[in-house]
2 protein chains.
Amino acid sequence: MRASDKAYEALRTDIVEWRLRPGIILGEVEQAERLGVSRTPLREALARLTADGLAVAQRGRGVVVSDVSLEHVDDLFALRRALEVESARIAAGKADPQEFDSLRERFLQAGRSTGYKSREAYYQLAGELDESIDAAVDNRYIEQSLRSLRVHLARVRRLAQDDPGRLAASALEHAAIAGAIAAQNPEVAAAATQLHLHHSLEHIKNHAGPREDTE
Amino acid sequence: MRASDKAYEALRTDIVEWRLRPGIILGEVEQAERLGVSRTPLREALARLTADGLAVAQRGRGVVVSDVSLEHVDDLFALRRALEVESARIAAGKADPQEFDSLRERFLQAGRSTGYKSREAYYQLAGELDESIDAAVDNRYIEQSLRSLRVHLARVRRLAQDDPGRLAASALEHAAIAGAIAAQNPEVAAAATQLHLHHSLEHIKNHAGPREDTE
DNA sequence: AAGGACGTTTTTGTATACACTGGAGTCATG
DNA sequence: CATGACTCCAGTGTATACAAAAACGTCCTT
């Protein structure tokens with residue numbers, strides 16, 4: 001793996017997982033030494049982070065980790081609504097019914113087996129639905145915007161703790177989306193997606209606490 | 001201005017204006033010498049182009065200008081529909097009526113004064129509407145996605161020659177969008193945007209010819 | 001003659017040295 | 001005591017040298 005890729009992955013993970021907090025100055029020499037690479041590949045990594053919006057370049061002062069807070073969650077979800085509602089609509093017109101019916105079944109099952117350590121498995125299942133929708137939409141431009149969006153979303157998600165109850169409800173909402181796509185009903189798929197996003201946003205805003213300072 | 005910025009701007013302009021055609025290999029030493037910068041800032045420029053989607057990194061062969069053709073126009077407009085329809089909806093709920101009423105008047109006037117050299121002026125006016133909508137939406141995430149989208153759009157636009165008739169019709173559609181936002185009617189604004197995008201896409205697909213090879 | 005392997009050459013990837021800009025601290029002066 | 005300018009320094013921005021990897025051509029073998 002190239003050193004620049006390694007530096008990029010490391011920095012992006014550190015930012016998404018809040019080890020590098022918003023406002024932190026990413027000094028070139030400092031980070032290069034920390035990650036064991038030279039300044040050249042590190043600069044490339046910083047450029048990619050800036051392009052992602054995870055960092056912003058300050059003239060002369062280097063780049064700092066971009067700030068993100070609850071005020072931005074509304075904005076983030078506005079973009080998510082635009083992209084995912086349209087994606088669901090398009091997917092409903094082109095997707096393979098069997099694939100999404102299978103996903104629907106798995107979401108229903110995930111909704112029943114609440115609690116335990118099913119959280120990781122649920123996130124993976126949700127990721128699979130995203131991938132299936134992406135594949136059905138088959139649009140490189142939408143996919144690129146969605147990929148950028150999901151990075152920011154992962155960072156924001158850490159602001160809210162999700163409880164088992166929310167996970168079960170979310171599973172049912174996801175099952176509705178998958179079901180509507182399997183039924184090839186664009187408007188229902190769009191509505192189900194919008195509903196899911198609304199509930200998801202409400203949950204984040206109601207269950208958000210200031211992040212604990214211990215890692 | 002930094003050398004890396006200079007290289008980025010130059011390369012991006014060359015790609016958007018089809019001086020660097022899809023498939024062209026952007027060799028580092030070659031482009032560095034052509035633009036009068038060293039390889040280091042040029043590599044940063046190439047990284048940004050890749051992040052924009054204007055170029056793709058090919059293993060071992062360096063980066064090549066990404067291809068774009070009529071098959072991609074549908075995809076591009078799908079993303080445009082998702083972003084701009086939602087933007088119009090949001091803007092209609094928050095915008096200053098006077099500002100958009102003024103824009104509406106100017107579009108109506110531009111629609112009457114057809115022909116001549118009004119093409120440049122019209123493009124600038126359309127750009128002003130975009131900026132006003134961006135400012136009203138006030139959403140950094142949507143804005144970033146839109147900015148990326150518009151770069152690709154500018155490249156595709158060169159595929160179709162727009163005639164005065166289309167410009168006049170487009171002006172009326174833009175006036176309708178501005179008017180709906182000024183009236184603070186989200187659904188009408190969304191519908192007007194969707195209609196405009198539909199007509200715009202139809203025009204491109206009907207009036208597209210293979211690009212002439214002379215520059 | 002065709003296919004594979006090896007060597008050459010070109011190009012990318014990385015490191016480091018140097019220049020230049022922006023900032024902070026301090027000293028002098030009003 | 002406050003404010004301004006000057007100096008020093010930290011850190012970015014750029015260039016170049018070096019190393020590694022990959023693609024292409026050639027030669028040998030079957």
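None of the values given here were measured: they were computed from a predicted structure. Just so it is clear: chains get the letters A, B, ... in the order the sequence lines come, proteins before strands, and each one is counted from 1.
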Using a strict cut-off of less than 4.0 Å between a Lys/Arg side-chain nitrogen and an Asp/Glu carboxylate oxygen, indicate whether A:D74 and A:K205 qualify as a salt bridge.
-> yes
Rounded distance in Å - CZ (B:R2) to C1' (C:dA19) = 16 Å
May I have the distance from A:M1 (atom CE) to D:dA21 (atom C1'), rounded to whole angstrom?
-> 17 Å
Within less than 4.0 Å of OP1 or OP2 of D:dG13, is there a side-chain N or O belonging to B:S4?
-> no
Do any side-chain nitrogens or oxygens of B:S38 fall under 4.0 Å of OP1 or OP2 in D:dT14?
-> no
Would you say the side chains of B:Q144 and B:R147 form a donor-acceptor pair under 3.5 Å?
-> no
Calculate the interatomic distance between B:L26 atom CG and C:dT10 atom P; express it in whole Å.
-> 20 Å
CD of B:E28 versus P of D:dT14: gap in Å, rounded?
-> 16 Å
Evaluate the side-chain proximity of A:L11 to A:R34: yes if any heavy-atom separation is below 4.5 Å, no if none is.
-> yes
Those residues of residues 39-58 of chain B lying under 4.0 Å from DNA chain D by at least one heavy atom | B:R39, B:T40, B:P41
Parallel, tilted or perpendicular, as decided by the 30° and 60° cut-offs, for the rings of A:Y141 and B:H152 | perpendicular
Where the side chain of A:V37 is defined as all heavy atoms beyond and including C-beta, which of D:dT12, C:dT14, C:dA15 is the nearest nucleotide?
-> C:dA15
A:Q31 CD - D:dT12 P separation (whole Å) = 10 Å
Whole angstrom value for the distance that separates C1' of C:dT12 from CD of B:E30 = 14 Å
Salt bridge (Lys or Arg N to Asp or Glu O under 4.0 Å) with B:R48: which residues, sequence neighbours excluded?
-> B:D5
Are B:R61 and D:dC24 close enough that a side-chain N or O sits under 4.0 Å from OP1 or OP2?
-> yes
Residues A:S66 and A:R155: side-chain donor-acceptor under 3.5 angstrom | yes
